[in-house]
Peer 1: 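My questions all concern the structure below.
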Protein chains: 2
Amino acid sequence: MRFEPEAKIIENRIIQVDNFLNHQLDITLFNEIGKEFKRRFSNKEVTKIVTIETSGIAIASITAQYFNNVPVVFAKKHAGINMNLDVYEATVYSYTKDKDYTIKISKDFLSPTDKVLIIDDFLASGNALMGLVSLLSQSNAEISGAGIVIEKSFQEGRKRIQEKGIQLESLAIIDSIRDGQVIFK
Amino acid sequence: MRFEPEAKIIENRIIQVDNFLNHQLDITLFNEIGKEFKRRFSNKEVTKIVTIETSGIAIASITAQYFNNVPVVFAKKHAGINMNLDVYEATVYSYTKDKDYTIKISKDFLSPTDKVLIIDDFLASGNALMGLVSLLSQSNAEISGAGIVIEKSFQEGRKRIQEKGIQLESLAIIDSIRDGQVIFK
């Protein structure tokens, strides 16, 4: 897939993909992404897709169409006053914002009979993904796998997920960022 | 469409639709919604769909598939540090949270040649929608229409949008909330 030409590099560190993934959304590309996740997880049973707000939601929703329209549940970072108070929650440290935030999923929407595919846009340190894994463990749902659009392989996220025995599939793997250029594996 | 059986009423005022629209997402239903928006706006040219984070994103993304996969752009409420600083912005007052927030769209993603369909989950006071209309007006994009999933017709949103000459289509129109029951039109 053609991520490379459109990604901008900020401070030799942050990959900005606002033009197709995080602000403007390329729906044709998202369908390609969904199809590819289906191919990679064709061996797994999936009854639900779980993601995290905000950037994971559109990718997860389009991807769900390739998994028999299973429901999507997104973990909330900014829970409103009308959210159910009976939730699974986890604390996640954000490097980009240098602070902790809490993610929540209502207990109504996860159960031990669920087989969950986790979908997210980025994997770097793995903090957000480990937060989702914690929510799913609390619910005793089974984790069928984790599908990521862009992985920064020079951070420790992959190792942390694989240590949990979770099948991890990333569609674009970035080896390094050098002189404002993304080097793909 | 079958919104009624699943909506919960909180304090005779707030309609909680977390089980299919705002937390868990019913992808089959969203496809029905997308098809219906296409039917209602079949007379209009649409080059882009604009919505607002968080709850509008999945509906807008599925709906875009019925409009030739046009790009979706969502206005950000929680802009990260890596967002482009050159933005259109508007201040929106939230009744549910009783405070102002700022919505932003990067100038990169709206242009005077765009013909924009606005999609959102709820219309009540119309504050969020008027904020989006303001962003679009700043960009000189043309507004093709506004598609809403659930409208509370007893608030003033419809009047404010129609005064702008915008075609407004709501799929479920709530007449009133009485004794914890939603009364549909």
Peer 1: Give the member of A:I49, A:I57, A:D108, A:V50 that has the highest number of heavy-atom pairs under 4.5 Å with chain B.
Peer 2: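 Ranked by contacts with chain B, first place is A:I57.
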Peer 1: Under a 4.5 Å cut-off applied to non-hydrogen side-chain atoms, are B:S153 and B:K185 in contact?
Peer 2: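 Touching, per the 4.5 Å side-chain cut-off.
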Peer 1: If you count heavy atoms of other groups shown closer than 6.0 angstrom to NZ of A:K159, is the number above 12?
Peer 2: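 Result for NZ/A:K159: open.
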Peer 1: Look at the side chain of A:S139 and the backbone N and O of A:A141, then say whether any donor-acceptor pair between them is shorter than 3.5 Å.
Peer 2: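 Side chain of A:S139 to backbone of A:A141: a pair is present.
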Peer 1: So which part of B:V70 gets closer than 4.5 Å to some heavy atom of chain A, the side chain, the backbone, both or neither?
Peer 2: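 The backbone, not the side chain.
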Peer 1: Using heavy atoms and a sub-4.5 Å threshold, report which of residues 129-137 of chain B line up against chain A, by residue number.
Peer 2: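 Listed by number, there are no contacting residues, so the answer is none.
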Peer 1: Can you say whether B:I59 sits under 4.5 Å from chain A via the side chain, the backbone, both, or neither, judging by heavy atoms?
Peer 2: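 Nothing of B:I59, per the 4.5 Å heavy-atom cut-off to chain A.
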Peer 1: Quick one: does B:F154's side chain get under 4.5 Å of B:D175's, heavy atoms only?
Peer 2: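 Heavy-atom side-chain distance check fails, nothing below 4.5 Å.
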Peer 1: Give a yes or no on this: more than 12 heavy atoms of other residues, nucleotides or ligands lie within 6.0 Å of atom CD of A:E45.
Peer 2: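 At most 12 heavy atoms, drawn from other residues, nucleotides or ligands, come within 6.0 Å of this atom.
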Peer 1: Are there over 12 heavy-atom neighbours, none belonging to A:K164, within less than 6.0 Å of that residue's NZ?
Peer 2: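 Open.
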Peer 1: Heavy-atom pairs under 4.5 Å with chain B - which of A:H78, A:K76, A:E53 has more of them than the others?
Peer 2: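 Sorted descending by pairs with chain B, the first entry is A:H78.
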Peer 1: Give me the ring orientation class for B:F37 and B:F41: parallel if the planes are under 30° apart, tilted from 30 to 60°, perpendicular past 60°.
Peer 2: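 Because their plane-to-plane angle lies in the 30° to 60° range, the rings of B:F37 and B:F41 count as tilted.
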Peer 1: Which residues pass the salt bridge (charged side-chain N to carboxylate O under 4.0 Å, His left out) test with A:D114, sequence neighbours left out?
Peer 2: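 Here the qualifying residues are A:K48.
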Peer 1: Do A:D18 and B:F109 touch side chain to side chain, with heavy atoms closer than 4.5 Å?
Peer 2: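 In short, these two side chains touch, coming nearer than 4.5 Å.
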Peer 1: If you count heavy-atom pairs within less than 4.5 Å of chain B, which of A:A75, A:P71, A:A60 leads?
Peer 2: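 Among the listed options, the one with the most contacts to chain B is A:P71.
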Peer 1: Is it the backbone or the side chain of B:N31 that comes under 4.5 Å from a heavy atom of chain A, or both, or neither?
Peer 2: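 B:N31 touches chain A through side-chain heavy atoms alone.
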